[in-house]
2 protein chains.
Amino acid sequence: MLMDDMGWGDLGVNGDPSRETPYLDRLAAEGMQFTDFYAGSPLCSPSRAALLTGRLPIRNGFYTTNIHARNSYIPQEMVGGISRSEILISELLAKTNYRNKIIGKWHLGHSKSEYYPWNRGFHEFFGSFGIHSNPHDNVKMPNVPLFRNDKMIGRYYENILIDRKNQQSDILKNFTQEAIEFIQQESAKGNPFFLYWTPDTLHAPTYRSAEFVGRSMKNSSYGDALIQMDHSIQAIIETIRNEPCLQNNTFVFFTSDNGPALTSRADAGRNGPFLCGKQTTFEGGFREPAIAWWPTKIAPGTINRHISTHMDLFLTIATIAQISVPDDRHYDSNDLTKVMFNSSHENQNASMFYYRGDTLMAIRHGSYKAHYWTFSTPPEELRVGINFCPGQNVVNLTTSQLTNHTELPLLFHLYRDPAERFAINPKTKEYKENIKILNKIRDEHQRQLKPGKPELNYCDQAVMSWSPPGCETINMCLPIPKSSPYLCEWPH
Amino acid sequence: MLMDDMGWGDLGVNGDPSRETPYLDRLAAEGMQFTDFYAGSPLCSPSRAALLTGRLPIRNGFYTTNIHARNSYIPQEMVGGISRSEILISELLAKTNYRNKIIGKWHLGHSKSEYYPWNRGFHEFFGSFGIHSNPHDNVKMPNVPLFRNDKMIGRYYENILIDRKNQQSDILKNFTQEAIEFIQQESAKGNPFFLYWTPDTLHAPTYRSAEFVGRSMKNSSYGDALIQMDHSIQAIIETIRNEPCLQNNTFVFFTSDNGPALTSRADAGRNGPFLCGKQTTFEGGFREPAIAWWPTKIAPGTINRHISTHMDLFLTIATIAQISVPDDRHYDSNDLTKVMFNSSHENQNASMFYYRGDTLMAIRHGSYKAHYWTFSTPPEELRVGINFCPGQNVVNLTTSQLTNHTELPLLFHLYRDPAERFAINPKTKEYKENIKILNKIRDEHQRQLKPGKPELNYCDQAVMSWSPPGCETINMCLPIPKSSPYLCEWPH
């Protein structure tokens with residue numbers, strides 16, 4: 001279960017004062033919480049690519065070299081996608097007897113058939129290539145299509161209803177019902193299955209069903225949507241819980257794709273005690289809520305406070321499914337099965353690499369994090385009201401220009417100072433000892449790194465979803481403009 | 001149980017990523033958590049005076065008029081204290097058959113015998129008038145004395161050992177042992193008792209016992225001390241739990257006196273998702289961890305998300321002890337017994353008044369908080385490294401000058417935006433409707449308010465603890481300088 005733009009601080013068990021996720025809190029109490037769990041990237045597409053490949057975006061190609069240290073993703077005009085040379089966990093599972101389904105947002109490419117989820121190990125698909133975003137005019141940009149398997153069945157804001165004015169829609173209900181039916185069907189058939197449930201409900205513009213409007217103390221669409229999400233997850237988990245064989249054999253992992261979209265101001269997720277949100281390499285950008293649940297395997301109420309990541313799910317799922325992974329490539333993935341099932345601390349020596357595009361901005365190892373480069377929101381975006389660190393400014397750290405600290409990295413102790421407020425004095429023994437360790441990890445990482453071919457450099461209006469597979473059946477094809485590729489602009 | 005400078009965000013159940021308060025988290029799971037619980041003041045002395053009198057500092061005299069909107073407390077040179085005309089909960093309880101003890105920091109005055117805790121309803125005292133602070137030279141300032149009942153038994157850093165260099169001391173152990181013995185003794189005698197357990201361990205300079213050094217993932221004295229505190233509370237609660245009659249009849253409330261001392265940088269408590277800390281009228285200054293525990297009376301795992309305060313404990317304790325309170329004065333206190341024992345939401349219409357000294361800075365009612373005046377840290381203190389909002393700056397809100405917003409108050413929705421980052425646009429219906437409600441509450445509050453005589457205006461070197469009661473017995477009296485009262489200076 002992969003949320004979209006949900007924050008670490010949104011969970012009641014992570015301290016949200018309004019405590020509006022009682023079911024997820026129960027899941028955490030019944031399973032294992034990872035307090036120091038990270039995304040592979042501070043935004044959607046590269047984060048998802050990292051999760052499914054077990055590899056950092058710098059390796060799997062989900063970055064841009066058009067400009068240094070800029071975030072890139074897969075908007076409609078993106079030419080690139082998840083390369084054929086990358087192997088997704090869904091592809092490995094599909095080679096065995098697993099039945100795989102993705103429900104929700106794909107976001108790994110759509111310009112060529114090799115990027116389609118149904119060609120990348122997912123037998124079933126109910127969702128969209130990208131986010132539900134805004135209504136479009138179908139002239140400059142088509143509305144985002146919704147698919148069932150390899151055929152589009154409609155477009156958001158056309159036959160797939162989202163009431164933008166009242167921020168209402170029943171899409172999450174549909175995503176939930178699809179999940180329940182898939183689980184019940186595959187379970188009835190006795191099939192092992194992999195469900196990648198990733199609704200984009202919590203991504204702006206958020207929506208909720210009519211009966212959830214006004215339910216949240218937060219008096220916001222995001223708040224209501226979060227409550228509906230908690231209910232949806234309850235419905236899915238109870239489907240598993242009610243079937244003893246399913247409960248005994250189903251591994252559930254809950255997390256989110258990146259930090260909260262703080263630039264959406266108050267109608268967004270929470271970064272808890274951390275600094276900044278989505279788009280940044282501060283803790284608020286990468287730190288994710290994370291719960292592992294498997295009552296017969298994972299001891300209830302356990303907490304793991306070491307570094308683990310989305311990418312770890314790759315080897316973890318492979319181990320659970322007892323499949324081997326190709327040994328021809330580097331994985332940024334640690335198998336978490338012993339951590340979860342034996343409450344081991346195998347992940348205590350893990351390292352975390354915070355990339356922004358092509359640039360390694362920061363590294364964490366143990367309690368210490370070093371920022372080699374810093375960047376928050378550029379001045380031209382601040383001027384138009386975009387701000388990834390609203391109300392949080394740490395001098396020399398949340399810089400609005402890409403700033404080089406490689407000569408004297410900024411060092412923080414993340415347990416003592418989770419908010420990254422108090423850089424450790426470079427004159428101290430603590431600094432000198434720990435920066436040496438981190439620099440060594442950096443050198444080793446960079447020495448062995450072979451960056452993948454950057455996939456997110458070229459854009460083209462022609463690759464938008466004008467006429468996706470299935471459009472002709474429902475008469476929703478739109479004329480495709482002439483191809484004219486250009487270097488994508490990445491503003492931050 | 002009243003902590004000192006502990007932050008809302010220090011509890012595992014309030015989202016501290018290092019989850020180092022397992023016993024307090026268990027207490028919360030067994031009892032009721034108050035998420036929206038407030039101090040009466042953002043610093044020590046006025047906060048404690050408010051708790052024990054059930055009245056705001058502006059009423060009970062714990063403020064200064066030397067300068068507007070400045071925080072004041074009871075340093076050694078303070079002439080004032082808790083006026084005879086104020087009635088403490090301990091005094092009411094002492095009129096019945098309750099046996100009362102204070103262990104830890106008094107901080108309500110020491111210049112006259114009428115301010116001594118043993119003259120204000122506490123039959124027993126083990127602790128100090130003020131914090132353990134720094135070692136002093138006994139010439140410009142005496143070291144702080146420790147008392148057993150009405151006699152001093154030593155001075156901190158002299159015969160009461162605190163190793164400043166290694167931040168070690170066994171004082172918390174002594175405070176804990178005293179609590180256990182008191183509970184056991186009174187319980188054996190069948191006495192009802194009131195224990196006001198308020199160790200100043202977590203106040204800078206923090207200390208911990210040798211066996212706790214290095215225990216915390218935070219790699220800080222504060223972190224170790226917090227773990228030791230959790231252990232100490234466990235030892236005290238287990239004393240109660242192990243005696244069925246005691247467990248059935250003992251109400252335990254855990255909280256802290258004010259927000260974390262963020263100016264102590266990383267070796268301090270946590271403000272969780274809130275803005276700024278101690279000394280400020282932002283949420284980080286006033287919001288407190290709060291757990292009510294009474295297994296036979298309070299349903300486990302309950303959460304109350306409405307406004308409640310330290311001052312509420314006054315009427316709550318009175319109701320539990322079945323004593324009536326004098327009706328000749330205004331209390332800022334709501335009886336929480338129905339909230340706790342019947343899970344009622346009686347406190348849902350409560351209001352919160354955020355004072356800084358003589359000035360009503362902000363008001364909260366329901367979800368909304370209006371700032372009428374703002375002030376964080378003055379520039380002259382910022383220049384010397386004092387900062388009550390490090391790494392957190394909200395334009396127009398965390399002002400470094402006292403700033404008047406009474407014409408157009410800054411309005412925040414505290415569930416949608418607990419960090420006070422996004423002021424509601426004054427042009428919106430939401431603003432207009434809610435500011436009207438808050439302004440009406442302010443007008444009514446100010447109309448009926450009769451400020452108490454300010455107690456914290458005068459200082460005098462002569463009132464310091466040179467020769468406190470009992471000093472002659474242990475030969476620790478120091479010469480008292482000539483009295484020379486002056487107006488105290490309050491820098492922030």
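Computed from a predicted model, the values in this text were never measured in an experiment. The chains referred to below are lettered A, B, ... by the order of the sequence lines, with proteins before strands, and numbering in each begins at 1.
Chosen from B:Ala266, B:Gly272, B:Pro390, B:Ser220, the residue pairing most often with chain A at heavy-atom distances under 4.5 Å is B:Ala266. Heavy-atom pairs under 4.5 Å with chain A were tallied for B:Asn219, B:Val394, B:Asp16, B:Thr35; the largest tally goes to B:Asn219. Between chain A and the options B:Pro273, B:Gly366, B:Ser367, the largest number of non-hydrogen pairs under 4.5 Å is found for B:Pro273. Ranked by heavy-atom pairs under 4.5 Å with chain B, the first of A:Gln392, A:Arg287, A:Met217 is A:Met217. Taking chain B as the reference chain and counting heavy-atom pairs below 4.5 Å, the highest number among A:Glu20, A:His413, A:Glu430 is found for A:His413.
Heavy-atom neighbours of chain B within the stretch residues 414-428 of chain A, taken at a separation under 4.5 angstrom, comprise A:Tyr415, A:Arg416, A:Asp417, A:Pro418, A:Arg421, A:Phe422, A:Ala423.
For A:Val13 against B:Arg19, the heavy-atom pair with the smallest separation is O-NH2, 3.1 Å. Nearest approach of B:Phe274 to A:Pro17, heavy atoms of both residues: CZ-CG, 3.6 Å.
Contacts between B:Arg270 and chain A at a heavy-atom distance below 4.5 Å involve the side chain alone, from C-beta outward. With a 4.5 angstrom heavy-atom cutoff, B:Asn271 touches chain A only via side-chain atoms. A:Arg305 touches chain B through backbone and side chain together, each having a heavy atom under 4.5 Å away. Neither the backbone nor the side chain of A:Phe34 has a heavy atom closer than 4.5 Å to any heavy atom of chain B.
Distance check, rounded to the nearest 0.5 Å: CG of B:Asn393 to OG1 of A:Thr398 gives 9.5 Å.
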